[in-house]
Amino acid sequence: MSKHFFGDTTVLLGRSLRHITRSPDTIITTAIMPIAMMLMFVYVFGGAIRTGSDSSYVNYMLPGILLITVASGIAYTAYRLFTDMKGGIFERFQSMPTARSSVLWAHVLTSLVANLISLVVVVLVALLMGFRSEAGVPAWLAVAGILILFTLALTWIAVIPGLSAKTMEGASAFSYPLIFLPFLSSAFVPTATMPGPVRFFAEHQPVTSIVNAIRALFTGQPVGTDIWVALAWCVGILAVAYVFAMRTYRRKIS
């Protein structure tokens with residue numbers, strides 16, 4: 001059964017990836033908005049923002065930009081799922097001798113691949129803008145692991161509206177609050193500069209711990225408990241989103 005599942009998922013993953021290669025504007029569009037934000041914050045607002053750090057502002061803000069890149073990229077996952085659902089692709093594959101969840105997993109893995117490509121593009125642009133890191137190979141691998149977990153967590157969240165939305169706009173609109181969330185965190189300014197209630201929310205929401213962990217890894221500083229809090233948030237969100245997404249999927253195909 002597992003061999004059947006993995007084989008079907010591999011075939012359907014190839015199908016989804018071919019769709020992306022035929023429309024590379026998806027990845028380009030996903031990367032453009034975070035890059036535009038990075039350019040604006042660094043060259044327009046960067047001189048007026050005090051972070052308490054001696055490094056350049058692009059070094060400070062890049063972790064938040066990477067999370068925004070993922071948040072904007074998963075909107076396309078919801079869109080592709082909605083399109084396949086409305087087009088009858090799911091019913092067609094269910095009528096074939098394929099593993100029931102392989103169609104869904106193919107979309108999830110496609111989202112992971114597409115978002116990783118977008119993240120690489122954003123990091124390359126950041127390097128051109130002056131981003132420099134003290135991180136060694138283990139630290140870069142740790143950053144990659146956090147981003148992969150974060151991408152999977154948000155992708156499974158995207159699966160839910162992708163399967164249940166009534167309109168195309170509704171399928172992708174859910175990503176807007178996720179894109180906005182880094183602005184209420186330590187991604188762009190230290191939380192100590194925020195007023196009381198906003199500061200409390202910023203310090204206790206998942207993006208802040210994830211941003212702080214990635215920033216510490218990039219700068220070669222002690223990560224402390226941030227990395228464990230970040231991993232706990234990512235794994236927790238992933239587990240809850242996966243359960244609800246699979247329930248929605250079974251209800252839709254039953």
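To the nearest 0.5 angstrom, L184 atom CG is 15.0 Å from R199 atom CZ. Here N59 contributes atom CG and S133 contributes atom OG; the two are 7.5 Å apart, rounded to the nearest 0.5 Å. To the nearest 0.5 angstrom, N212 atom CG is 3.5 Å from S186 atom OG. Between atom CD1 of residue I146 and atom SG of residue C234 there is a gap of 7.0 Å, rounded to the nearest 0.5 Å. Between the CG atom in L238 and the CZ atom in F150 there is a gap of 12.0 Å [rounded to 0.5 Å].
Taking the side chain to side chain contact (heavy atoms under 4.5 Å, CB included) definition, one finds that L119 meets it with L66, T69, V70, L116, L147, sequence neighbours left out. A search for salt bridge (charged side-chain N to carboxylate O under 4.0 Å, His left out) contacts involving R132 returns nothing, not counting sequence neighbours.
Classified by interplanar angle (parallel below 30°, tilted 30° to 60°, perpendicular above 60°), the ring pair W105/Y242 is tilted. Between Y60 and Y57, the ring planes are parallel. Angles under 30° get that label, and only those over 60° would be called perpendicular.
Each of L67, V207, I68 was compared with L181 under the side-chain contact (heavy atoms from CB on, under 4.5 Å) criterion, and only V207 meets it.
Cluster membership check: L141 does not share its hydrophobic cluster with L217, using side-chain heavy-atom separations under 4.5 Å among Ile, Leu, Val, Met, Phe, Trp and Tyr. F244 and L81 fall into different hydrophobic clusters, where Ile, Leu, Val, Met, Phe, Trp and Tyr residues are linked whenever their side-chain heavy atoms come under 4.5 Å apart, directly or through other members. One hydrophobic cluster holds both V189 and F201 under the rule that ILVMFWY side chains link at heavy-atom gaps under 4.5 Å. Side-chain heavy atoms closer than 4.5 Å link hydrophobic residues (I, L, V, M, F, W, Y) into clusters, and following such links, possibly through other members, connects M37 to L39. If you chain together hydrophobic residues whose side chains sit under 4.5 Å apart, F180 and W233 fall into the same group.
Within the 4.5 Å cutoff, no side-chain heavy atoms of V159 are placed close to those of Y249. Annotation: side chain of M246 is in contact with side chain of L104 (closest heavy-atom distance under 4.5 Å). Inter-residue side-chain proximity for I179 and M33 is flagged as met; some heavy-atom pair is nearer than 4.5 Å. Contact of the L124 side chain with the L127 side chain is registered, since non-hydrogen atoms from C-beta on lie closer than 4.5 Å.
Counting non-hydrogen atoms of neighbouring residues, nucleotides and ligands closer than 6.0 angstrom, the CZ atom of F183 exceeds 12 such neighbours. Within 6.0 Å of CZ in F131 there are more than 12 heavy atoms belonging to other residues, nucleotides or ligands.
Within the 6.0 Å centre-distance limit, the rings of W140 and F218 are counted as a close aromatic pair.
Side-chain atoms of N115 and T151 include no donor-acceptor pair closer than 3.5 Å. When only modelled atom types and interatomic distance are considered, T191 and E203 share a side-chain donor-acceptor pair under 3.5 Å.
The backbone N or O of S111 lies less than 3.5 Å from no partner atom in the side chain of T155, so there is not a single donor-acceptor pair.
Residues I160 and A241 share a closest heavy-atom pair of CD1-O, 4.1 Å.
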